[in-house]
Chemist: 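Got a structure for you, questions after.
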Amino acid sequence: MDTIKRILRDKGDAVYKVPPEATVKQAVETMSERHVGAVLVCTGCECTGIFTERDLMNRVVLAGLDPAVTRVCDVMTADVAVIQPSTPAAEAMAIMTERRCRHLPVVENGAIVGMVSIGDLVRLESENQQFEIRMLTDYIHGKYPG
């Protein structure tokens, strides 16, 4: 069974953060520089929310707010679901589907140790399917050991 720990091992544990008083423009600059769709909103080690591309579109652009002066803490998602490294990948995908979110912070012993996206989970599933197809093809062609 694949867990979030495997994804973090393969992709790394980088987590990008902005302070609550950062402007939306600053958060978007960080997201753009890092090529990510979300940043955690944290003061030191304490995170109070997440700011995502969806927050930008729905709470800033559609609301007609100025990204240069709007504070990220005023438009972030405060109710953030988190998972643990031991969480099965399928469970993480179910959480994302149920909560309609694309990013989940990974927490272990109260500390953030990574972040996974829906893209990470889809990539893992695709790799697993490619492996299974290769094994079945080898079996059909008599290359399967045993």
Side-chain angles (χ1 to χ4, degrees), residues 1-63 65 67-68 70-140 143-145:
M1 172 173 47
D2 288 318
T3 64
I4 297 306
K5 187 174 189 173
R6 175 181 169 201
I7 292 173
L8 292 179
R9 184 185 68 231
D10 294 344
K11 94 174 239 183
D13 58 0
V15 177
Y16 303 107
K17 303 173 184 177
V18 295
E21 63 277 359
T23 65
V24 167
K25 184 175 186 276
Q26 291 169 322
V28 170
E29 286 170 347
T30 298
M31 292 162 62
S32 181
E33 289 168 4
R34 303 298 187 187
H35 305 287
V36 295
V39 289
L40 292 178
V41 181
C42 304
T43 302
C45 293
E46 183 184 346
C47 290
T48 56
I50 188 170
F51 181 73
T52 68
E53 293 165 323
R54 185 175 289 163
D55 294 327
L56 172 65
M57 298 306 292
N58 292 333
R59 297 180 181 160
V60 179
V61 174
L62 287 178
L65 300 178
T70 303
R71 295 181 319 155
V72 73
C73 63
D74 295 330
V75 292
M76 69 182 185
T77 298
D79 183 24
V80 182
V82 298
I83 55 176
Q84 298 178 357
S86 61
T87 301
E91 184 178 330
M93 193 171 284
I95 291 168
M96 287 183 177
T97 301
E98 179 182 315
R99 296 196 49 145
R100 298 185 47 81
C101 64
R102 297 177 188 159
H103 301 87
L104 291 173
V106 183
V107 175
E108 185 172 42
N109 299 323
I112 296 169
V113 296
M115 175 102 80
V116 294
S117 70
I118 190 68
D120 299 326
L121 294 168
V122 169
R123 186 177 307 108
L124 177 65
E125 183 62 26
S126 177
E127 289 170 3
N128 288 341
Q129 287 178 358
Q130 288 173 5
F131 175 76
E132 188 173 341
I133 289 168
R134 193 169 46 253
M135 291 294 105
L136 290 170
T137 301
D138 287 352
Y139 177 75
I140 290 168
K143 297 179 187 175
Y144 189 73

Chemist: Okay, side chain of Arg59, backbone of Met76: is any donor-acceptor separation there less than 3.5 Å?
Modeler: yes
Chemist: Go through the steps to decide whether Cys47 and Ile112 satisfy the test side-chain contact (heavy atoms from CB on, under 4.5 Å), and finish with yes or no.
Modeler: CA-CA 9 Å; Cys47 290; Ile112 296 169; 3.2 Å; yes
Chemist: Which atom pair, heavy atoms only, marks the closest approach of Val60 to Pro67?
Modeler: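 Where Val60 meets Pro67 most closely, the heavy atoms are CG1-CG, 4.1 Å.
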Chemist: Can you tell me how far NZ of Lys5 sits from CG of Asp13, rounded to the nearest 0.5 angstrom?
Modeler: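 Nearest 0.5 Å value for the CG-NZ distance: 12.5 Å.
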Chemist: Examine distances only and state if a side-chain atom of Thr97 and a backbone atom of Met93 form a donor-acceptor pair shorter than 3.5 Å.
Modeler: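 It does hold such a pair.
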Chemist: What pair of heavy atoms forms the shortest contact from Ala89 to Leu124, and how long is it?
Modeler: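 Distance-wise, the nearest heavy atoms are CB-CD2, 3.6 Å.
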Chemist: Closest heavy-atom contact between Val41 and Pro20?
Modeler: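 In this case the closest contact between Val41 and Pro20 is CG1-CA, 3.5 Å.
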Chemist: Looking only at heavy atoms, what is the nearest atom pair of Gly114 and Leu8, with distance?
Modeler: CA-CD2, 4.0 Å
Chemist: Rounded to the nearest 0.5 Å, what separation is found between the CD atom of Gln84 and the CD atom of Glu91?
Modeler: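 Atom-to-atom, Gln84:CD and Glu91:CD are 9.0 Å apart.
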Chemist: To the nearest 0.5 Å, how far apart are SG in Cys45 and NZ in Lys17?
Modeler: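 Taking SG in Cys45 and NZ in Lys17, the distance rounds to 6.0 Å.
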Chemist: Between Val113 and Pro85, which heavy-atom pair has the shortest distance, and what is it?
Modeler: CG2-CG, 4.0 Å
Chemist: If I take atom CD1 from residue Ile118 and atom CG from residue Leu104, how far apart are they, to the nearest 0.5 angstrom?
Modeler: 8.5 Å
Chemist: Would you give the length of the straight line joining atom CZ of Arg54 to atom SG of Cys101, rounded to the nearest 0.5 angstrom?
Modeler: 8.0 Å
Chemist: Testing Val18, Ile50, Thr48 for side chain to side chain contact (heavy atoms under 4.5 Å, CB included) with Leu40, which one passes?
Modeler: Ile50
Chemist: Would you mind telling me which of Asp55, Leu65, Thr70 makes a side chain to side chain contact (heavy atoms under 4.5 Å, CB included) with Val24?
Modeler: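 Output: one option passes, namely Thr70.
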Chemist: At what distance, to the nearest 0.5 angstrom, does CD1 of Ile83 lie from CD1 of Ile7?
Modeler: 7.5 Å
Chemist: Listing request: all salt bridge (Lys or Arg N to Asp or Glu O under 4.0 Å) pairs with a residue in residues 100-114, at least two apart in sequence or in separate chains.
Modeler: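 Salt bridge (Lys or Arg N to Asp or Glu O under 4.0 Å) check on residues 100-114 returns no pairs.
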Chemist: For Gly37 and Met31, which heavy atoms make the closest approach, and how far apart are they?
Modeler: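 That would be O-CE, 3.3 Å.
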Chemist: Check whether any side-chain N or O of Thr23 sits under 3.5 Å from a backbone N or O of Gln26 as a donor-acceptor pair, and report yes or no.
Modeler: yes
Chemist: Just by distance, do the side chain of Lys11 and the backbone of Met115 share a donor-acceptor pair under 3.5 Å?
Modeler: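 Judged by distance alone, yes, a pair lies under 3.5 Å.
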